[in-house]
Amino acid sequence: MRVVFIKIFVLSMFVTGGVFAQNINKKARPKIGLALSGGGAKGISHIGALMVLEKAGISVDYIVGTSMGSVVGALYAIGYSPDSIAYIARNENWDELLANNPGLRQIAIEEKSDFNRYIIELPIEGRRFRFPRGLIDGQELSVELSRLTFPVYDKKKFTDFPIPFKCVATDITNGEAVVLDSGNIADAIRASMAIPSFFTPVKYQNRLLVDGGIVRNFPVEHVKEMGADIIIGVNLSKGFLQEKELDNIIDILNQSMFLSDGEDTKRQREWCDFLIEPDLTGFHAGSFNAADSLIKRGYDAAMESFEDLQKLAKKLDKEFGQKESIQIPKIDSVLLTNFEVEDISKANRDLIIDRLNLTRNHWYKPDVFPEAMKKVYGTRYFRKVGYELFKYEDGTRIRLKGNENPPTFFNVALNYNSFSKAAIILNLTSRNLLGKNTRFSSTLNIADMLRFKSEYFKYLGSAKNRGLGVSFWFDNYDFPLYETFVRLAMYRQKYTALDIKYQIASLTVNSTGAGLRRELIVLTPNIYGSGENYDGSVVQDRVYIDFNLNTLNRHYYAHSGSKVNMNLSYFFNSNSNLKLISRDSLNGGFISKNMTSELTDSLITNRYLQFKLLSNKYIHINKKATLVLGFYGGLTFNPFSPKENANTIFNNFMVGGLIPNFRNQIPFIGLSDFQIRTNNFIGAQFCYQYEISKNLFVIPKFNLGYHNNNFVRYFTSNDVLKPSNQLFGYGITGGFNSILGPLDFTIMRNTQVQSFVFYVNLGYNF
C-alpha cells in the first residue's frame with residue numbers, strides 16, 4: 001500500500017512539474033501603456049491619436065493621464081470609442097461648461113431676476129469678505145463629468161475599469177504629485193485639471209488637490225509602474241512659449257504654473273517607446289471651440305508612427321492572439337434606495353434632498369441625476385453641489401456633497417440708459433438669516449431717481465417648489481407727460497408698495513402666484529404744462545394673480561427660449577386726494593383748487609381690472625442668427641359697468657423706451673420712454689438678432705401697436721382704423737455683451753414723428 005502511494009506521488013509531481021515548465025517557457029503578452037499629457041484645450045488632440053491607435057489595431061492595457069489627458073484617458077478607459085469622445089468634444093458647450101456660473105435655464109424661477117446681473121459679488125462670512133480660491137468652481141464641469149462617467153459608477157477602483165486607469169494631481173499643500181486610482185472618478189478628473197487660480201482646488205480623500213501638470217504634466221513613469229512593457233506617450237508640451245505666443249491670460253497662467261515641469265517632461269519622454277507630439281502651433285489652452293482642428297493635428301502626428309504601430313499590433317496578435325474589444329458598460333437605470341448627505345449644514349439638508357425631487361425605491365435613468373443637481377444648484381444656496389452613487393445589494397444610494405455659499409453676499413452693478421441716466425446698484429442678499437430655507441434681499445438704486453426694494457422669500461412644500469414672499473418697494477423718479485408726441489410737463493412720482501404673495505413653481509421654468517398689494521402713489525408736477533396739472537395722491541389695494549415663465553439661456557442676447565410676464569389685478573378701495581393746478585391766464589402764476597368728488601370719480605374708478613402682458617420668444621435659426629418675436633399688451637376695464645370706461649390717472653400704461661424699467665411701462669421701438677400714456681394697448685415686435693462675432697450683435701427691430709383710452713370702443717372698427725391710434729416703429733441696435741453687462745446703441749423712429757431717436761443702455765437695470 002505504501003509503494004502504491006509513493007508511485008502516485010512521484011507521478012503527480014512529474015505531471016505538475018511538466019505543466020509548470022510549459023508555463024515558464026510560454027511568454028506573457030506584453031502590456032501596452034498609454035500616457036496622455038496635460039495641455040488645456042490642446043488635450044483634445046489626444047482624441048486624434050486614439051483614432052490612429054485603433055486604426056493600427058493597438059489594444060491598450062493601461063492608461064495614465066494628467067489634466068485634459070485625464071479627461072480623454074478616463075473616457076477611453078471606461079469604454080468610449082475615439083469617435084464617441086470626438087462627438088462629445090465637438091458638441092459640448094465649452095463656454096457654459098467652463099464658466100463660473102451655469103446657464104440661466106438652470107436657475108430657480110424666483111432667483112432668475114437677480115442671477116448674474118452684478119459685476120461684483122462679494123461673499124460675507126464672519127463679518128468679513130471672503131474671496132474664492134479660484135475664478136471657476138466648475139459646477140457645470142463636475143456635473144457633466146459625473147454624467148459621462150456614470151457607466152462605471154459602481155467601480156470605485158479605477159483599475160477595475162475596462163482599461164485600468166490612473167490620473168495625476170498635485171497636493172497644493174506640499175507640492176507632491178498624487179496618483180489617483182480610487183474613489184469618485186468624476187472628482188478625480190476634476191482635481192487633475194484644476195489649474196490653480198483658474199479653477200478652485202478639489203478636496204479629495206483628505207487632500208487639497210490642483211492640476212497635476214504643475215509637477216507631472218507627462219505621467220509616463222506611472223504607466224510604467226502599472227506594469228506596461230511598451231509605452232506610447234502623447235506629449236503636448238514642447239517647451240516654453242515665446243513672448244509673441246503669450247498673447248492671452250490662459251497661456252500666461254499655464255506657463256507660469258508649469259515652469260518647473262520642463263525638466264520632468266524631458267525625463268518622462270525618454271521612457272516612451274512611441275512618442276507622439278502633435279504640432280499645435282496657433283492653438284492655446286483655451287481653444288476649446290477648435291475641436292475639429294485639434295483632433296486632426298493629433299491624428300496627423302500619430303500617423304507618422306502608424307506603420308510601426310501597425311507592425312507591433314500584428315506581431316502581438318499573431319503571437320498571442322487578438323484581444324477582445326473594449327465595450328462601455330451598459331447600465332440603463334438604477335434603483336435608488338436611500339440618500340446620504342456629506343459636508344452640508346443642517347439648515348440645508350432638507351432643502352437639498354427635497355429639491356432633488358427624487359423618491360426612494362424608484363428606478364432612475366442616468367441623466368436624471370445631473371438634472372437633479374442642477375435643480376439644487378439653481379436655488380443658489382450652494383457654490384457647488386455634486387453627487388456620488390454607491391451600489392449595494394438592495395440597490396443604489398446617492399451621496400450628496402456640497403460647498404455651501406456664504407450666508408450673505410454684497411453685490412454691485414452699474415447702469416446707464418438714456419432715460420434714467422447713470423446709476424449704481426447695490427444689493428445685499430442673505431440666506432437662512434430669518435429662518436430655515438429663506439432668502440432676504442435688499443437692493444438700492446443710487447441715482448437721480450432713487451429706488452429701493454426689499455424682498456423676503458420662504459421655501460415651502462415637500463419639494464420646496466412653493467413659497468411665500470413679502471416685499472417692499474419704493475420708487476422716486478421723474479417722468480415726462482406727452483400729448484401727440486410733444487412733451488407738455490414733467491411729473492415726479494413717488495411709489496410705495498407693500499406686497500405679500502404665495503406662489504407655486506415648476507422649479508426653474510415658471511411660477512404661478514396670487515397676492516395682495518397696498519400702494520401709495522404721489523404725483524407732483526415739476527414742470528407745469530399749459531393745461532391742467534394734477535397734484536395729489538392715491539392709496540389703493542389690489543389682489544392679483546400672475547404667471548412668470550423664463551426659459552431663456554441668458555438675460556440679454558438670448559439664442560433660444562421664452563420669457564413671459566403676465567398679471568391680472570383687481571383694484572379696489574381706492575382713496576384719493578387730488579388738486580387741480582392750472583395757469584392763471586389773467587394774473588400769471590398758477591391756480592390750485594381741490595377737486596370735487598364727482599370730478600375725482602371721473603378720473604379714478606374705484607374698482608376695476610387691469611391686465612398686463614410682456615412676452616418674447618427667441619427662435620434659434622443657426623449659430624449666428626436668432627429671430628425674436630414679442631407680444632405686449634395692457635388692458636384696463638370696469639367689470640361692474642362694462643359699458644363705462646375705467647379711468648385712472650395713476651395706473652395708465654406708459655408706452656415707449658426699450659427696457660421696461662418701471663411698473664406699467666411697455667417697451668416700444670421708435671418711442672421715447674413714457675411717450676404714450678394710455679389705458680389700453682396691444683403691440684407686436686419682430687427682431688432679427690445676428691451675432692457678427694463673439695458677443696457682438698446687430699439687431700434690426702420692427703414693431704406695431706394700437707392704443708385707445710376707452711376699452712368699450714377699443715375693438716370697434718372705426719377706432720382701430722384711426723391713424724392717431726396706430727403706431728409703427730423701427731430701428732437698429734448694435735449690441736455688445738460686455739463684462740459690465742449689455743451695451744446697446746440704438747437709432748430708431750416711428751411713423752408719427754419724422755425724427756430719429758437715439759437710445760443708449762449699459763448694464764442691467766434695477
Check your understanding: Are K624 and F697 in a cation-pi setup, meaning NZ or CZ lies under 6.0 angstrom from the ring centre and within 45 degrees of the ring axis?
Key ->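 No, a cation-pi geometry is absent between K624 and F697.
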
Practice item. Kindly indicate whether a cation-pi arrangement holds for R607 with F572, taking the cut-offs as under 6.0 Å to the six-membered ring centre and within 45° of the axis. Key: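 Because its charged atom misses either the 6.0 Å distance or the 45° angle limit, R607 does not stack over F572.
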
Exercise for review: Without swapping roles, check the side chain of S738 against the backbone of G741 for a donor-acceptor pair under 3.5 Å.
Suggested key: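 Yes, the answer is positive, given that a donor and an acceptor are paired below the 3.5 Å cut-off.
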
Review point. So, the side chain of Q665 versus the backbone of N661: is there a donor-acceptor pair under 3.5 Å, distance only?
Key: yes

Review point. So, for F662 and Y477, is the gap between ring centers shorter than 6.0 Å?
Key: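 Yes, the ring of F662 comes within the 6.0 Å limit of the ring of Y477, centre to centre.
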
May I ask you to say whether [X] pairs ionically with [Y], meaning some side-chain N is under 4.0 Å from a carboxylate O?
X	Y	result
E111	R431	yes
D541	R517	no
D499	R518	no
R380	D114	no

Practice item. Return yes if a side-chain donor-acceptor contact under 3.5 Å exists between Y730 and N703, otherwise no. Key: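 There is no such pair (donor and acceptor under 3.5 Å, judged by atom type) between the side chains of Y730 and N703.
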
Practice item. Mark yes when over 12 heavy atoms from residues, nucleotides or ligands other than I424 sit less than 6.0 Å from its CD1; otherwise mark no. Key: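 No.
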
Practice item. Determine, step by step, whether Y570 and Y608 satisfy the ring pair (Phe, Tyr, Trp, His ring centres under 6.0 Å) criterion, reporting the C-alpha distance in whole Å, the side-chain angles of both residues, the deciding distance to 0.1 Å, and the verdict. Key: CA-CA 6 Å; Y570 169 55; Y608 59 94; 8.4 Å; no

